[in-house]
Asks: 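Dumping the structure here so I can ask a few things about it.
All values below come from the heavy atoms of this structure, side chains included, with hydrogens, waters and symmetry mates left out. Chain letters run A, B, ... following the sequence lines, proteins first and then strands; every chain starts at 1.
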Amino acid sequence: MTENVAPTNLGSTIIQVPSPEPGTVDMMVNMGPQHPATHGVFRMELRVDGEQIQDLVPHIGYLHRGSEKLCEHESYSQIITLFDRLDYVSNFNNELVIVSAVEKLMDVAPPPRAELIRIIMCEFNRIASHLLFYGTFAIDMGAITPLLYNFRDREKIQALFESVSGARMMHNYFRVGGVKEDVADEFESRSLALCDELEHGIDETDRLLTENEIFLERTSGIGVISGEDALDWGLSGPVLRASGVPYDVRVDEPYSRYDELDFGIPVGSAGDCWDRFYVRILEARESVSIIRQAIALMEPGDTMSKIRRIARPPAGEVYAHCENPRGDLGVYIVSEGGERPYRLKVRPPSFCNLQALRDLTVGHYIADAVVILGTLDIVLGEVDR
Amino acid sequence: MLSGFRGLGVTLRGALRSKVTSEYPKEHLPLDNRFMGFPALTWDVPRDEPYCTGCMVCVRYCPTQCMSAKMQDNEKFSEGVSHRKKIIESFEINLGRCILCGICVDVCNFDAIEMSLEHERSERLRNANRVDLPTLLDMGRVYQVEVDWKQSKPNAASPNERAIAKAAAEEAKTAEESVAETSDPDDSVTTPEETGEDAA
């Protein structure tokens, strides 16, 4: 039967699939790197039998910039700018990881007000990231309207970011030992008003998509992964929680001031695409509630602790991780003392979540591959670094 | 039929609702004062010179190495007009390389560099975004007017001002001494207790 199989260059990852019916030949389909559904420059080689996917090989590295290596040549304050560019739709969450890692190494704690500002910014960023997910995910399935609704709301969040950090993306706002500058006076009222608008926006998305007949057909039962498998693959974030594993770094290893806040962790049951979508809807609602609580806790005070402007941590090693919108983002720093790290390693959630793509996709149709990749919600800046 | 009318209703509501978007080249959304545009050099109006002394700290801490600066002796210092011994001679920022991170503003000790509101630079040539000192100072002047910019701490005294202040201080001292010589302090001192006792 081997002559019936089309020649492939899948490399060492090729696996034996049931040989096709006599007379039919598996076809290689190349998807990406310029495919709109891959959300960036990501390429998949699909081996399909008709429309059914027999095998899938992801090709990454189109956006490789050598961030980890660059970090070895940059001072800690400069590294924050590189972290902004890892997961470029949740910049604040990325900044928080590197900043808290260096703080852990230096054994300094930011002032309470700065911690709350960080939490508020990160949660807003989580909502913004999830809004982007709903929109692009709906587009992957052919629905364009949700994207417009979600971008309208995301725009408001970015306007708030601009009034706080001066930039809509790539903020470079968090500093080792605090934040760059205090928020403006009207920040609290503005954020609370924005929270109401966002809640409305999330409800709108929920009404538009969640119970939609076509949407349900396209997502439920597609790309199922059990909790056990998800843990084995090292998945994290909403992708893991959709499979029923209630793991969230904010609760399991509380960092910053998350232990003072009361919020739930939405957990799915089936672990299919619909669960991965709906967990994110619920999570965005929880984020709104976190922001409200954090604003209630805000008290006037310093936003920067009294340390050197240029961070100079002692020699040592440190690992810090935080809950990103995409999962558990970790950073491991080896320091020899001085302004720059000796080695810096990033544990990117997108990259780890992408590992499960092949297992999730094989056996489904080509159109489902797009949906499954959409629910993994990868950001190529983080996958390729 | 009914759903068709309902659909039309949605369309009508959408048509009557206020606009969410703005047509960019025609209308510009308002910028926040914190908005980080391209970096610009500020101008010290009372001294009539740039704040920048060319200390190179921003050049060292720039993550993309997009700046270069050169320092020179300040003629105005030797004339006694300025307190800056050194002043910037040439400054170049490759705005095509700049990532607008604001680290240069953070590390500057002299309020000399600020993130301006300028953000609409598009040039035809690759090197046209390499801006020199006069352009940067122009951008800075515009920015200072736009946001009503204030320096964080007042200027130190220039040699001339110091000399004037010193002369004034000496004059005041001699005047005080002359006052002290003419008046006898013992006469004028009366303690409250004494006056109180007298009254009792």
Side-chain angles (χ1 to χ4, degrees), chain A residues 65 67 70-71 73-85 88 91 95 145 148-156 158-176 178-187 190 197 201 208 304 308-311 339-340, chain B residues 6-7 10-11 13-14 17-24 27-40 55-67 97-111 113-120 143 146-147 149-150 152:
Chain A
R65 293 151 296 176
S67 295
L70 282 174
C71 287
H73 300 279
E74 306 271 24
S75 70
Y76 289 100
S77 55
Q78 293 170 334
I79 289 175
I80 299 171
T81 64
L82 285 169
F83 267 69
D84 270 332
R85 284 155 181 78
Y88 41 75
N91 321 71
E95 287 180 22
T145 316
L148 303 173
Y149 280 66
N150 293 322
F151 262 65
R152 179 198 62 198
D153 293 335
R154 188 165 172 268
E155 187 63 38
K156 291 173 193 160
Q158 284 184 319
L160 182 84
F161 287 168
E162 191 188 306
S163 75
V164 171
S165 69
R168 289 155 49 86
M169 298 171 85
M170 319 299 166
H171 313 283
N172 194 22
Y173 179 64
F174 294 176
R175 293 283 183 275
V176 176
V179 292
K180 189 170 109 188
E181 56 188 327
D182 201 353
V183 290
D185 294 335
E186 72 274 24
F187 170 75
R190 198 176 163 184
E197 288 176 41
L208 270 169
M304 188 73 196
R308 279 180 55 122
R309 200 160 39 173
I310 305 300
E339 272 179 25
R340 35 185 74 90
Chain B
R6 214 177 284 157
V10 172
T11 314
R13 235 182 302 148
R17 211 169 37 192
S18 64
K19 267 197 302 181
V20 177
T21 50
S22 68
E23 289 175 24
Y24 165 62
E27 341 167 13
H28 291 233
L29 290 174
L31 289 175
D32 200 276
N33 272 2
R34 282 193 189 185
F35 179 80
M36 292 201 291
F38 289 113
C55 69
M56 306 274 283
V57 69
C58 52
V59 176
R60 274 204 305 280
Y61 281 102
C62 178
T64 57
Q65 288 104 42
C66 70
M67 304 173 161
R97 250 184 110 90
C98 176
I99 57 169
L100 311 178
C101 64
I103 287 179
C104 46
V105 182
D106 250 27
V107 295
C108 183
N109 297 312
F110 303 103
D111 294 337
I113 192 162
E114 284 287 346
M115 301 308 272
S116 70
L117 303 184
E118 172 74 49
H119 60 286
E120 291 172 316
Y143 171 73
E146 270 175 332
V147 303
W149 185 81
K150 301 257 184 334
S152 61

Asks: Could you tell me which non-hydrogen atom of B:Asp106 sits nearest to which non-hydrogen atom of A:Arg175, and how far apart they are?
Replies: OD2-NE, 2.7 Å
Asks: In Å, rounded to the nearest 0.5 Å, how long is the span from NZ of A:Lys180 to SG of B:Cys101?
Replies: 9.0 Å
Asks: With rounding to the nearest 0.5 angstrom, report the CG to CD distance, B:Leu29 to A:Glu162.
Replies: 8.5 Å
Asks: List the residues meeting ring pair (Phe, Tyr, Trp, His ring centres under 6.0 Å) with B:His119, not counting sequence neighbours, and say none if there are none.
Replies: B:Phe35
Asks: Please step through side-chain contact (heavy atoms from CB on, under 4.5 Å) for the pair B:Leu100 and A:Met170, ending with a clear verdict.
Replies: CA-CA 8 Å; B:Leu100 311 178; A:Met170 319 299 166; over 6 Å; no
Asks: Is chain B contacted by the side chain of A:Ser163, its backbone, both, or neither, given a heavy-atom distance below 4.5 Å?
Replies: both
Asks: Tell me, side chain or backbone of A:His73 under 4.5 Å from chain B's heavy atoms, or both, or neither?
Replies: neither
Asks: Pick whichever of A:Ala159, A:Gly166, A:Ser75 has the most heavy-atom pairs under 4.5 Å with chain B.
Replies: A:Gly166
Asks: Determine whether B:Ile103 and A:Gln78 make a side-chain contact, defined as any pair of heavy atoms from C-beta on separated by less than 4.5 Å.
Replies: yes
Asks: For A:Ser165 and B:Met36, which heavy atoms make the closest approach, and how far apart are they?
Replies: O-CE, 3.7 Å
Asks: For chain B, which of A:Glu74, A:Glu181, A:Arg85 has the most heavy-atom pairs under 4.5 Å?
Replies: A:Glu181
Asks: Identify which part of A:Lys156 has an atom lying under 4.5 Å from any heavy atom of chain B, answering side chain, backbone, both or neither.
Replies: neither
Asks: CD1/B:Ile99 to CG/A:Leu82 distance, rounded to the nearest 0.5 angstrom?
Replies: 7.0 Å
Asks: Go through the structure and list residues passing side chain to side chain donor-acceptor pair (under 3.5 Å) with A:Gln158, not counting sequence neighbours.
Replies: A:Arg168
